[in-house]
Protein chains: 2
Amino acid sequence: MINNLLKENITKNAPFSKTELEEFCKYFYFKNIKKTEFLLEQGEICKFEGFVLEGCFRIFTIDKKGNENTLYFAAKDWWLMDIDSFMNQSTSNLNIQALTDSKILLINRADKLSLYESIPAVEKLFRVMSQKALVAWQRRLIRNNSQTAKERYVYFINNYPNIASKINDKQIASYLGISHEFLSKIKRRN
Amino acid sequence: MINNLLKENITKNAPFSKTELEEFCKYFYFKNIKKTEFLLEQGEICKFEGFVLEGCFRIFTIDKKGNENTLYFAAKDWWLMDIDSFMNQSTSNLNIQALTDSKILLINRADKLSLYESIPAVEKLFRVMSQKALVAWQRRLIRNNSQTAKERYVYFINNYPNIASKINDKQIASYLGISHEFLSKIKRRN
DNA sequence: GAAAAAAGTTGAACTAGTTCAATTTAATAA
DNA sequence: TTATTAAATTGAACTAGTTCAACTTTTTTC
């Protein structure tokens with residue numbers, strides 16, 4: 001089954017009955033995305049949520065000064081969307097771009113919203129996932145403010161080896177919040 | 001009624017029936033907290049979630065170098081906890097300290113967890129609140145990485161005037177991720 | 001209301017990280 | 001395979017923000 005990975009991910013986070021799981025999963029549709037292709041671009045409105053089956057995506061913004069700022073990467077078994085644009089139906093400041101040829105399952109906003117109502121376990125699923133994500137953001141803020149660029153780089157490499165191996169240094173630098181030149185210098189002086 | 005504020009906050013985020021609301025709210029207990037008192041200290045395990053009725057709290061960590069790092073402030077109508085410690089029942093890295101004499105409603109972890117099961121609207125409430133919080137964290141990361149300290153300071157003052165008025169510059173600096181000396185210099189050169 | 005403690009200010013020396021520009025290396029496309 | 005484009009490296013000059021220390025002002029405590 002193509003969406004076994006999705007089903008495992010779901011049941012890891014919330015208790016779904018077999019029928020609930022089937023009902024929920026049937027709203028997801030498969031999409032192939034080629035390297036460098038965009039799933040969402042700054043200025044659009046996000047009307048989907050995605051679950052990565054294969055490949056890797058980068059979720060980033062480009063600020064007024066033209067600097068790229070990476071919010072996060074989404075590899076296999078990760079969820080992705082612009083939650084700000086999705087919730088408020090405001091124009092997105094984010095770009096979601098495939099860094100490698102990728103396979104993804106998508107669910108439309110309207111479907112997701114109605115599933116919150118029809119399947120209570122869906123509420124629990126996203127409540128739990130959102131709270132886990134909050135923990136991650138909180139930890140990241142602490143790291144950003146208390147560690148040097150070098151320490152953050154080492155942390156990233158050690159904790160996300162499967163992502164780190166798929167992306168280039170410019171992208172890592174934009175995630176760490178430093179220039180790619182400085183990242184190059186950091187790596188030098190080991 | 002003492003917890004009108006809580007009830008308004010809840011119904012703003014999720015549809016509760018009158019009886020659900022009463023049932024949920026009766027698990028909250030009131031607590032007075034004096035200025036400088038701690039609701040949680042680094043090393044403890046967080047077993048509660050709180051809702052601020054009056055006053056102001058600071059949620060911060062002290063890193064190895066001894067620097068204070070403020071995650072957020074919680075004033076009237078805000079929720080507060082260490083979600084990391086609460087979820088994982090791990091020892092907390094955070095301190096939650098009252099910055100002024102405060103009044104707060106607390107709910108115990110065990111009660112909250114069982115209410116997720118007994119009242120489905122509670123799932124929705126915290127799903128929605130968590131997602132809104134995620135949006136806020138995402139926006140803050142972008143600001144932190146794309147704006148100067150001065151810009152972040154101005155943003156904070158303009159967007160959280162009721163908090164800014166209750167706290168001192170050392171605390172603002174630790175929220176902005178800069179030294180208090182530098183904040184002082186920023187304010188000077190207007 | 002005086003004494004003590006904490007917060008805020010200022011300057012000088014410093015450092016982590018940036019910017020720009022030139023060069024090399026690697027990846028992509030025709 | 002070669003030509004082209006993008007990524008990575010390096011150095012030099014720079015800047016945003018830190019650190020430390022001394023001093024002033026405000027707040028707290030007894």
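Note that the structure is a prediction, hence the values are computed from the model and not measured. Every chain is numbered from 1 and lettered A, B, ... according to where its sequence line falls, protein lines coming before strand lines.
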S.K.: At the 4.0 Å heavy-atom cut-off to chain B, mark where contacts on DNA chain D begin and end, going 5' to 3'.
M.R.: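 First and last nucleotides in contact are D:dG17 to D:dT28.
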S.K.: Name all residues meeting the ring-ring contact (aromatic ring centres under 6.0 Å, His included) criterion together with B:Phe86; count only those two or more places apart in sequence or in a different chain, and write none if there are none.
M.R.: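 In terms of ring-ring contact (aromatic ring centres under 6.0 Å, His included), with neighbours along the sequence ignored, B:Phe86 is linked to no residue.
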S.K.: Heavy atom of residues 161-174 of chain A under 4.0 Å from DNA chain C: which residues?
M.R.: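 When residues 161-174 of chain A is checked for heavy atoms under 4.0 Å from DNA chain C, there are no hits whatsoever.
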S.K.: Provide, to the nearest angstrom, the distance between the CD atom belonging to A:Glu181 and the P atom belonging to C:dC20.
M.R.: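 Going from CD in A:Glu181 over to P in C:dC20 covers 10 Å.
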S.K.: So, taking the atom named CG in B:Asn32 and the one named CD1 in B:Ile104, what distance separates them when rounded to the nearest 0.5 Å?
M.R.: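 Here the rounded value is 10.5 Å.
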S.K.: Once side-chain contact (heavy atoms from CB on, under 4.5 Å) is applied, do any residues pair with A:Glu23, and if so which ones, sequence neighbours excluded?
M.R.: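 With sequence neighbours excluded, A:Glu23 shows a side-chain contact (heavy atoms from CB on, under 4.5 Å) to A:Lys26, A:Tyr27, A:Ile119, given in chain and number order.
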S.K.: Over the length of the helix from C:dG1-D:dC30 to C:dA30-D:dT1, how much do the five-pair end axes diverge, rounded to 10 degrees?
M.R.: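 Its terminal axes enclose an angle near 60°.
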S.K.: Who pairs with A:Ser92 by side-chain contact (heavy atoms from CB on, under 4.5 Å), at least two apart in sequence or on another chain?
M.R.: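 Here the qualifying residues are A:Leu40, A:Asp82, A:Ser85, A:Leu94.
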S.K.: Show each protein N/O and nucleotides 27-30 of chain C N/O combination with a separation under 3.5 Å, one pair to a line.
M.R.:
residue	atom	partner	partner atom	Å
C:dT28	OP1	A:Lys35	NZ	2.7

S.K.: Of the options A:Gln131, A:Gln138, A:Arg139, which is the one that meets B:Asp84 in a side chain to side chain donor-acceptor pair (under 3.5 Å)?
M.R.: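 Among A:Gln131, A:Gln138, A:Arg139, the one meeting side chain to side chain donor-acceptor pair (under 3.5 Å) with B:Asp84 is A:Arg139.
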S.K.: Kindly say if B:Arg188 contacts the phosphate of C:dT9, meaning a side-chain N or O under 4.0 Å from OP1 or OP2.
M.R.: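 Looking at the OP1 and OP2 atoms of C:dT9, neither is under 4.0 Å from any side-chain N or O of B:Arg188.
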S.K.: Using the side chain to side chain donor-acceptor pair (under 3.5 Å) criterion, which residues pair with A:Lys12? Sequence neighbours excluded.
M.R.: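 Residues passing side chain to side chain donor-acceptor pair (under 3.5 Å) with A:Lys12: A:Asp77.
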S.K.: Go nucleotide by nucleotide along DNA chain C from the 5' end; which of B:Lys185 and B:His180 gets its closest nucleotide reached first?
M.R.: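 Closer to the 5' end of DNA chain C: B:His180.
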S.K.: What is the distance, to the nearest angstrom, from the CD1 atom on B:Ile186 to the P atom on C:dT9?
M.R.: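 Between P of C:dT9 and CD1 of B:Ile186: 12 Å.
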S.K.: Rounded at 0.5 Å granularity, tell me how far CE in B:Met81 sits from CG in B:Leu39.
M.R.: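 Separation between the atoms: 11.5 Å.
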S.K.: Salt bridge between A:Glu49 and A:Lys112, side-chain N to carboxylate O under 4.0 Å?
M.R.: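 A salt bridge links A:Glu49 with A:Lys112.
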S.K.: Quick one: list whatever passes ring-ring contact (aromatic ring centres under 6.0 Å, His included) with A:Tyr116, sequence neighbours left out.
M.R.: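 Partners of A:Tyr116 by the ring-ring contact (aromatic ring centres under 6.0 Å, His included) criterion, ordered by chain and then number, come out as A:Phe126.
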S.K.: Sequence neighbours excluded, which residues qualify as ring-ring contact (aromatic ring centres under 6.0 Å, His included) partners of B:Tyr175?
M.R.: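 Residues passing ring-ring contact (aromatic ring centres under 6.0 Å, His included) with B:Tyr175: B:Phe73, B:Phe156.
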S.K.: Rounded to whole Å, please give me the gap between CD1 in B:Ile178 and P in C:dT9.
M.R.: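 It is 12 Å, rounded to the nearest whole Å.
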S.K.: State, without any angle test, whether A:Gln42 and A:Asn95 hold a side-chain donor-acceptor pair at a distance under 3.5 Å.
M.R.: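 Note: A:Gln42 and A:Asn95 side chains meet the donor-acceptor criterion.
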S.K.: Tell me, which pairs form a ring pair (Phe, Tyr, Trp, His ring centres under 6.0 Å) where one or both residues lie in residues 42-65 of chain A, sequence neighbours left out?
M.R.: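 Of all non-adjacent pairs touching residues 42-65 of chain A, those that pass ring pair (Phe, Tyr, Trp, His ring centres under 6.0 Å) are A:Phe51-A:Trp79.
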S.K.: My understanding is that only residues two or more places apart in sequence, or in another chain, count here; which of them pass ring-ring contact (aromatic ring centres under 6.0 Å, His included) with A:Phe16?
M.R.: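 Result, ring-ring contact (aromatic ring centres under 6.0 Å, His included) vs A:Phe16: A:Phe24.
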